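Just below is one structure, and these are the notes that go with it.
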Amino acid sequence: MLYDHIDLRVTDLEKVRPLYDALMTAMGYVHVDEDGENINYHQAPKRRDREFFGLMRDSGHRPDGSRVALRASSRGEVDRLAEIARAAGARAFEAPESYSPESPWYYAAFFEDADGNKLEICYRE
């Protein structure tokens, strides 16, 4: 397992939720639990032994240079997920492409949520 969970801080859950609802569902994280301060996306019904992607309300949060990169299974999947993110309100959207002549095997799209948190969808050939 690459990670156990991600707790991404946001100032306003409702402001960022449309993007994460669309993107996480498209990536198979279809089980959601929430309590007003947190929203957690799971691939399977909530279990203690499964990874999840969480949003946590934090009124003092300020985005920085950190980026969360989400792995896709193909270039086509990067394209599909990037379009879902764009349509769901992704900001500072950079369309999918190979980003460096030195690494043509790396294909990615970059964007931000409504709070300014930086995200990426990538595929490595």
Side-chain angles (χ1 to χ4, degrees):
M1 182 182 308
L2 182 60
Y3 71 94
D4 184 78
H5 65 280
I6 293 173
D7 286 329
L8 187 63
R9 303 307 198 256
V10 299
T11 59
D12 185 334
L13 290 169
E14 295 309 313
K15 181 171 74 173
V16 301
R17 187 170 190 159
L19 174 63
Y20 291 100
D21 280 354
L23 191 56
M24 291 294 108
T25 298
M27 296 184 76
Y29 288 77
V30 297
H31 300 278
V32 179
D33 68 85
E34 58 187 293
D35 63 12
E37 294 298 313
N38 303 284
I39 301 172
N40 297 309
Y41 299 88
H42 306 265
Q43 287 186 323
K46 186 176 178 180
R47 290 179 26 196
R48 291 181 188 199
D49 64 339
R50 298 301 305 250
E51 69 277 358
F52 66 91
F53 189 101
L55 302 174
M56 297 181 71
R57 183 186 319 271
D58 178 352
S59 62
H61 172 69
R62 299 293 175 260
D64 58 21
S66 300
R67 180 180 313 279
V68 175
L70 305 168
R71 182 176 293 199
S73 59
S74 67
R75 285 177 176 246
E77 187 70 353
V78 170
D79 294 341
R80 182 181 81 83
L81 294 170
E83 178 54 28
I84 288 169
R86 188 198 60 72
R91 298 181 179 178
F93 184 80
E94 297 177 34
E97 65 176 302
S98 295
Y99 276 87
S100 167
E102 296 81 34
S103 56
W105 42 265
Y106 192 77
Y107 187 72
F110 298 88
F111 53 94
E112 295 176 3
D113 68 18
D115 221 24
N117 291 306
K118 294 167 180 51
L119 299 155
E120 170 183 350
I121 301 169
C122 63
Y123 172 67
R124 297 173 189 266
E125 296 184 282

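None of these values were measured; they are calculated from a predicted model. Residues: numbered from 1 along the sequence shown.
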For this session: Check the pair Arg67, Glu112 against salt bridge (charged side-chain N to carboxylate O under 4.0 Å, His left out), reporting the backbone distance first and the verdict last.
Result: CA-CA 9 Å; Arg67 180 180 313 279; Glu112 295 176 3; over 6 Å; no
For this session: List the steps and the verdict of side-chain contact (heavy atoms from CB on, under 4.5 Å) for Val16 and Thr11.
Result: CA-CA 9 Å; Val16 301; Thr11 59; over 6 Å; no
For this session: Assess whether salt bridge (charged side-chain N to carboxylate O under 4.0 Å, His left out) is satisfied between Asp115 and Lys15, documenting all intermediate values.
Result: CA-CA 8 Å; Asp115 221 24; Lys15 181 171 74 173; 3.2 Å; yes
Exercise. Can you check side-chain contact (heavy atoms from CB on, under 4.5 Å) on Asp33 and Ile39, steps first, answer last?
Worked result: CA-CA 6 Å; Asp33 68 85; Ile39 301 172; over 6 Å; no
Exercise. After noting the C-alpha distance and the side-chain angles of Leu81 and Met27, does the key distance pass the side-chain contact (heavy atoms from CB on, under 4.5 Å) rule?
Worked result: CA-CA 8 Å; Leu81 294 170; Met27 296 184 76; 3.8 Å; yes
Exercise. After noting the C-alpha distance and the side-chain angles of Phe111 and Arg91, does the key distance pass the side-chain contact (heavy atoms from CB on, under 4.5 Å) rule?
Worked result: CA-CA 6 Å; Phe111 53 94; Arg91 298 181 179 178; over 6 Å; no
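Among all heavy-atom pairs drawn from Ala82 and Phe93, the shortest one is O-CE1, 3.4 Å. Annotation for Ala22 and Ala88: closest pair CB-CB, 3.7 Å, computed over non-hydrogen atoms. Considering every non-hydrogen atom in both Leu13 and Gly36, the closest pair reads CD1-O, 3.6 Å. Pairing each heavy atom of Asn40 with each of Gly54, the nearest pair is OD1-CA, 3.3 Å. Nearest heavy atoms, His42 versus Glu51: ND1-O, 4.3 Å. Looking at every heavy atom in both residues, His31 comes nearest to Ala44 through CD2-C, 3.4 Å.
Among pairs with a residue in residues 7-28, those fulfilling ring pair (Phe, Tyr, Trp, His ring centres under 6.0 Å) read Tyr20-Phe53, at least two apart in sequence or across chains.
Judged purely by atom type and a 3.5 angstrom limit, Arg80 uses its side chain to pair as donor or acceptor with the backbone of Ala26. Of the possible donor and acceptor atoms, none in the side chain of Asp113 sits under 3.5 Å from a partner among the backbone N and O of Lys118.
Taking the side chain as every heavy atom from C-beta outward, Arg17 and Val32 approach each other to under 4.5 Å. Inter-residue side-chain proximity for Val10 and Asp58 is flagged as unmet; no heavy-atom pair is nearer than 4.5 Å. The shortest distance between side-chain heavy atoms of Tyr106 and Ser98 does not fall below 4.5 Å.
By the side chain to side chain donor-acceptor pair (under 3.5 Å) test, Ser59 pairs with no residue at all, sequence neighbours left out. Residues satisfying the ring-ring contact (aromatic ring centres under 6.0 Å, His included) criterion with His61, sequence neighbours excluded, are absent altogether. Considering only residues two or more places apart in sequence or on other chains, Glu37 meets the salt bridge (Lys or Arg N to Asp or Glu O under 4.0 Å) condition with Arg57. For Phe110, the ring-ring contact (aromatic ring centres under 6.0 Å, His included) criterion is met by Tyr99, not counting sequence neighbours. For Tyr41, the side chain to side chain donor-acceptor pair (under 3.5 Å) partners are Asp21, not counting sequence neighbours.
A donor-acceptor contact under 3.5 angstrom links the side chains of Tyr107 and Asp79, judged on distance only.
When each of Arg71, Glu77, Arg75 is tested with Tyr123 by the rule side-chain contact (heavy atoms from CB on, under 4.5 Å), just one qualifies, namely Arg75.
In the hydrophobic clustering of this structure, Met24 groups with Val68; members are Ile, Leu, Val, Met, Phe, Trp, Tyr whose side-chain heavy atoms approach within less than 4.5 Å, directly or through other members. The same ILVMFWY cluster, assembled from side-chain heavy atoms under 4.5 Å apart, contains both Leu119 and Ile121.
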